[in-house]
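First up is the structure itself, then whatever we jot down about it.
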Amino acid sequence: DGGITQSPKYLFRKEGQNVTLSCEQNLNHDAMYWYRQDPGQGLRLIYYSQIVNDFQKGDIAEGYSVSREKKESFPLTVTSAQKNPTAFYLCASSLGWGGGELFFGEGSRLTVL
Amino acid sequence: DAKTTQPPSMDCAEGRAANLPCNHSTISGNEYVYWYRQIHSQGPQYIIHGLKNNETNEMASLIITEDRKSSTLILPHATLRDTAVYYCIVRVSQNTNAGKSTFGDGTTLTVKP
């Protein structure tokens, strides 16, 4: 089945550690996105990628980094510079940049101890 | 992308129609209205989208006002499993430079027995 796979679903880390969240899609989509969601709030855009080897900062990029070396993969690294990293992270993709339906993964919940 | 405004919460009796409003007064001519829903701790799920005509699919109906400044998502016969957060966003449906879609806090719909 085509879709977006995020892993791990749950992750715990100690303060000061970097952690990388995986996002893989087999939909042959050009565009991919990372969103952050805090309890009771909507989704906020962290980074997005229009096409392989290109990515842009979203609204809350500080303390995060990404790469897009392959079309199907868009990993997100939460660095130690992120002041409040505990959150629910969602990866999404769309056929083309900017438009069309967004397809979401099931999310990764990061807890910093 | 234009922003949207939704009521924070609504209740609906099981079996009755749920009507969820959304204001998007700054919508542009090439922007579609998309609706998603999110069940707790899962990725958002696409429901329906439209430009200016009313749309219906197996999940819901979408009514867009003639001036396109507001819309209503209708779940014709709400069930307990429709309890979720519903997001209305505006988004183009073709490649442009306007790739960022802003998600507000959505409407928490609670379907009651």
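Since the structure is predicted, the reported quantities are computational estimates derived from the model, not experimental observations. All chains are named by letter (A, B, ...) in the order of the sequence lines, taking the proteins before the strands, and each is independently numbered beginning at 1. All heavy atoms count here, side chains included; hydrogens, waters and symmetry mates do not.
At least one side-chain heavy atom of W34(A) sits less than 4.5 Å from a side-chain heavy atom of L21(A). Looking at heavy atoms from C-beta onward, I4(A) lies in side-chain contact with C23(A) at the 4.5 angstrom threshold. Looking at S71(B) and T65(B), their side chains never come closer than 4.5 Å, going by heavy atoms from C-beta outward. The shortest distance between side-chain heavy atoms of Q6(A) and S22(A) does not fall below 4.5 Å. M59(B) is listed as a side-chain neighbour of R37(B), based on a closest heavy-atom distance under 4.5 Å. Using a 4.5 Å heavy-atom cutoff, the side chains of T4(B) and N23(B) are not in contact.
Remark: the backbone N or O of G3(A) is paired with a side-chain donor or acceptor of N26(A) at under 3.5 angstrom. For Q25(A) (side chain) and S93(A) (main-chain N/O), no donor-acceptor pair under 3.5 Å exists by modelled atom type. The main-chain N or O of R68(B) is found under 3.5 Å from a side-chain atom of H24(B) such that the two form a donor-acceptor pair. Counting only distance, with no hydrogens or angles, the side chain of E31(B) and the backbone of S28(B) share a donor-acceptor pair below 3.5 Å. At least one donor-acceptor pair closer than 3.5 Å links the side chain of D82(B) to the backbone N or O of T79(B). Side chain of N19(B) to backbone of T72(B): no donor-acceptor contact under 3.5 angstrom is found. No donor-acceptor pair closer than 3.5 Å links the side chain of E55(B) to the backbone N or O of A60(B).
Under the 4.5 Å side-chain heavy-atom criterion for Ile, Leu, Val, Met, Phe, Trp and Tyr, Y46(B) and M32(A) are members of distinct hydrophobic clusters.
Of all residues spanning residues 38-45 of chain B, those with a heavy atom less than 4.5 Å away from chain A's heavy atoms are Q38(B), S41(B), Q42(B), G43(B), P44(B), arranged by number. The stretch residues 72-92 of chain A places F88(A), L90(A) near chain B, each with some heavy atom under 4.5 Å from a heavy atom of that chain. Against chain A, the residues from residues 103-113 of chain B that qualify, each with a non-hydrogen atom under 4.5 angstrom away, are F103(B), G104(B), D105(B) in number order. Residues of residues 102-113 of chain A that come within less than 4.5 angstrom of chain B, heavy atom to heavy atom, are L102(A), F104(A), G105(A), E106(A), R109(A) in numerical order.
Of the two parts of Q37(A), only the side chain, counted from C-beta on, holds a non-hydrogen atom closer than 4.5 Å to a non-hydrogen atom of chain B.
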Can you list the steps and then say if K71(A) with D30(A) is a salt bridge (Lys or Arg N to Asp or Glu O under 4.0 Å)?
-> CA-CA 7 Å; K71(A) 186 175 184 178; D30(A) 281 325; 3.5 Å; yes
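Atom OG1 of T56(B) is separated from atom CD1 of I48(B) by 6.0 Å, given to the nearest 0.5 angstrom.
Of the candidates Y36(B), Y87(B), Y34(B), H49(B) forms a ring-ring contact (aromatic ring centres under 6.0 Å, His included) with just one, namely Y34(B).
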